Protein chains: 2
Amino acid sequence: MGTTQLETVPEPKYWQLRTVLSEALDSEFTVGEILPNERELAARFGVARATLRQALEQLELEGRLQRRRGVGTTVAPPRVGVDVGSESGPHTWPGAPGDAWHAEEYAEGPAPAAVARTLGVAADAPVHAVLRSRTTGGQQVASEVLYVPTASVPSVPTGDGSEAARARTVLRELHRLPFGGQDRTVELGSARAEDARRLDRLPGAPVLIVTTRYLSDGGTAAVSVATYRADTCRLSFSDTDPVPVLAS
Amino acid sequence: MGTTQLETVPEPKYWQLRTVLSEALDSEFTVGEILPNERELAARFGVARATLRQALEQLELEGRLQRRRGVGTTVAPPRVGVDVGSESGPHTWPGAPGDAWHAEEYAEGPAPAAVARTLGVAADAPVHAVLRSRTTGGQQVASEVLYVPTASVPSVPTGDGSEAARARTVLRELHRLPFGGQDRTVELGSARAEDARRLDRLPGAPVLIVTTRYLSDGGTAAVSVATYRADTCRLSFSDTDPVPVLAS
DNA sequence: TAGTGGTCTAGACCACCCG
DNA sequence: GGGTGGTCTAGACCACTAA
């Protein structure tokens, strides 16, 4: 990464900088390597630190860099492919044997307005909320809340074991219903404070939000809202075998 | 939206601001309404313009706001659900009757390295590149490049009509192959200069990149890289009927 | 031409990690 | 305590849009 002169064209400096750095990452750095700190990089390219940071933010968004406060900026490994449901295999309920999630917490109460609407229940109707997390290679990549109306699964007696145990009870009861299909949407969002903490990110970090509607007997039996780290994850809807990594 | 005092808690100002503005959008603004300009908003909340802009960027990322240079900041409509192919329904080749894309340009030459790897061809092997675009309600929401190795479909004679015509020829030839399934990945990216222009965004704008691999006879017959505007789109992998809008 | 959002600067201080 | 990235400021100028 030389002290390449930035051209004086009508392209933003931070964008040129992004390109220069991107090429340097390809040719002169290896995964895990630490970059010079922001103040030095800014000086080397003759720009303000804020401008340099704009370029780094782009590269982090693209999954090329990883920045950690107090530590430094490192070259990120290629994004991990996260399977979010093979298309070929028959879909089934969440929490079925072999799925990648780990039930952790449980709560009961009214669902967020948008979720209640998707569930087709009143805004103040009580629902089960099962909180699950998903890890890949020791790294937490996603957290999920699964909403199940008490109309689908009756209430779980309080004091019935740990939260995780009650969460699993809800899932077990859900499996007794006839599975009627599902559909998914994927959109970009920013991590709320709680998700950010769970995913080891700062609030506002970009996330991919996967909303799954589970059907049974023509109605919506449950809704899951899963939040994936957008910087490190590539969602995979594989039909067959996993897609080979699109490394750079 | 009052001149709410920002609390002095260990939460970043821009994040508090995002929350305050988000609630104001819910309760005091309607879709399409123009917000006060950035300088005034910053003054009203007693923060620097850069800090205010950080909050607006978050809200734009979440699809709540739309900002246009020279015009102003407006309240965005709910994201449009864009169908990107049912997960379980019978898939088929791109360009089949009724698909949402419009072939526009054509080129032939070596593919980008990553695409060549996915295709399983040499990095310098010539491939067809068909450029297509997709619109919803008069708005362009995605642009796509479909790569087809000349091993799958022979070369198209030059001077054979317009570019769009040659693009359609490649698609037509592709349909003669036996369809062997497909798989998809979704990840976050930032719009390259050309995509940004086509999507009417600035370079670096967040996009959802959908990579589809089309199989035939056990091999990869084609690869499509589609770039969706992340601010306005919610990708829908419906199994059955479209998901109802998750309006706020 | 006036007004908007987009870019850029040069500085300051803070929160966090690690030796 | 020293070094890192994260936040914030107060300005300046630029690119674009629409009247």
Side-chain angles (χ1 to χ4, degrees), chain A residues 6-19 21 33-61 64-76 190-191 193 196-197 200-206 231, chain B residues 6-19 21 33-61 64-76 190-191 193 196-197 200-206 231:
Chain A
L6 296 181
E7 300 169 21
T8 61
V9 294
E11 203 173 41
K13 269 189 191 174
Y14 76 88
W15 187 253
Q16 300 175 44
L17 215 44
R18 186 209 77 101
T19 306
L21 288 169
E33 199 172 345
I34 304 179
L35 266 64
N37 72 51
E38 296 183 350
R39 288 160 180 89
E40 174 171 346
L41 280 178
R44 200 185 291 193
F45 287 103
V47 299
R49 190 176 155 222
T51 303
L52 174 86
R53 280 179 58 81
Q54 236 181 315
L56 295 183
E57 268 152 33
Q58 287 284 341
L59 291 167
E60 193 179 27
L61 196 80
R64 307 286 311 273
L65 290 179
Q66 201 163 337
R67 301 194 287 170
R68 275 175 304 172
R69 167 152 50 179
V71 179
T73 302
T74 57
V75 181
S190 53
R197 197 175 37 73
D200 188 28
R201 302 263 69 196
L202 294 170
D231 54 345
Chain B
L6 297 181
E7 301 168 21
T8 61
V9 295
E11 203 173 42
K13 268 189 193 175
Y14 75 88
W15 187 253
Q16 301 175 43
L17 214 44
R18 186 208 77 99
T19 306
L21 288 170
E33 198 171 345
I34 304 178
L35 266 64
N37 71 50
E38 296 184 349
R39 288 161 180 88
E40 175 171 345
L41 280 178
R44 199 184 293 193
F45 287 103
V47 299
R49 192 176 151 219
T51 303
L52 174 84
R53 280 180 58 81
Q54 238 180 314
L56 295 184
E57 268 151 33
Q58 288 284 342
L59 291 167
E60 191 179 27
L61 196 80
R64 307 285 313 272
L65 290 180
Q66 201 164 336
R67 302 193 288 170
R68 275 175 305 171
R69 165 150 55 177
V71 179
T73 301
T74 57
V75 181
S190 53
R197 196 175 37 74
D200 189 28
R201 302 263 68 196
L202 294 171
D231 54 345

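Any value given below was found using the heavy atoms of this structure, including those in side chains, with hydrogens, waters and symmetry copies removed. Just so it is clear: chains get the letters A, B, ... in the order the sequence lines come, proteins before strands, and each one is counted from 1. Treat the numbers as computed from the prediction; the structure is a model and nothing was measured.
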* Structure fact -> From CG of A/Leu202 across to P of D/dG5 the rounded distance in Å is 13 Å
* Structure fact -> Per nearest nucleotide of DNA chain C, the residue lying toward the 5' end, A/Gln54 or B/Gly72, is B/Gly72
* Asked: Would one find a side-chain N or O of A/Asn37 under 4.0 angstrom from OP1 or OP2 of D/dG3?
  -> no
* Please confirm whether the backbone N or O of A/Glu11 pairs with a side-chain atom of A/Gln16, one donor and one acceptor, at under 3.5 Å? => yes
* To do: Give a yes/no answer on whether the side chain of A/Arg67 brings an N or O atom under 4.0 Å of OP1 or OP2 in D/dG6.
  => yes
* Remember a base hit wins even if backbone is also touched, and classify B/Leu56 as base, sugar-phosphate or nothing at under 4.0 Å, heavy atoms. => nothing
* Does a sphere of radius 6.0 Å around CG in A/Asn37 hold more than 12 heavy atoms from other residues, nucleotides or ligands, not counting ones at 6.0 Å or beyond? -> yes
* Structure fact -> Taken to the nearest whole Å, CD/A/Glu40 to P/D/dG5 is 10 Å
* For the side-chain contact (heavy atoms from CB on, under 4.5 Å) test, which of B/Val75, B/Leu35, B/Leu21 pairs with B/Leu59? -> B/Leu21
* Asked: Nearest-Å distance, CD (B/Gln58) to C1' (D/dC8)?
  -> 16 Å
* To do: Report the distance from atom CG of B/Asp200 to atom C1' of D/dT17, rounded to the nearest whole Å.
  => 13 Å
* Phosphate OP1/OP2 of D/dT4 contacted by A/Thr73 side-chain N/O (<4.0 Å) -> no
Sub-3.5 Å pairs of nitrogen or oxygen atoms, protein against nucleotides 13-19 of chain C:
from: C/dA15; atom 1: O4'; to: A/Arg69; atom 2: NH1; distance (Å): 3.2

* To do: Check whether any side-chain heavy atom of A/Gln66 lies under 4.5 Å from a side-chain heavy atom of A/Thr73, and answer yes or no.
  => no
* Minimum heavy-atom separation for B/Leu52 to B/Ala42, with atom names? -> CD2-N, 3.8 Å
* Asked: Taking 4.0 angstrom as the limit, do A/Glu60 and A/Arg201 come out as a salt bridge?
  -> yes
* To do: Please state how far atom OH in B/Tyr14 lies from atom C1' in D/dT9, giving the value in whole angstrom units.
  => 16 Å
* Distance, rounded to the nearest Å, where A/Arg53 contributes CZ and C/dA12 contributes P -> 18 Å
* B/Arg67 versus B/Arg53: any side-chain heavy-atom pair under 4.5 Å? -> yes
* To do: Check the distance between D/dG3's P and A/Leu41's CG and give it to me in whole angstrom.
  => 17 Å
* Give a yes/no answer on whether the side chain of A/Thr51 brings an N or O atom under 4.0 Å of OP1 or OP2 in C/dT9. => yes
* Structure fact -> B/Leu52 atom CG is separated from D/dG11 atom P, nearest whole Å, by 16 Å
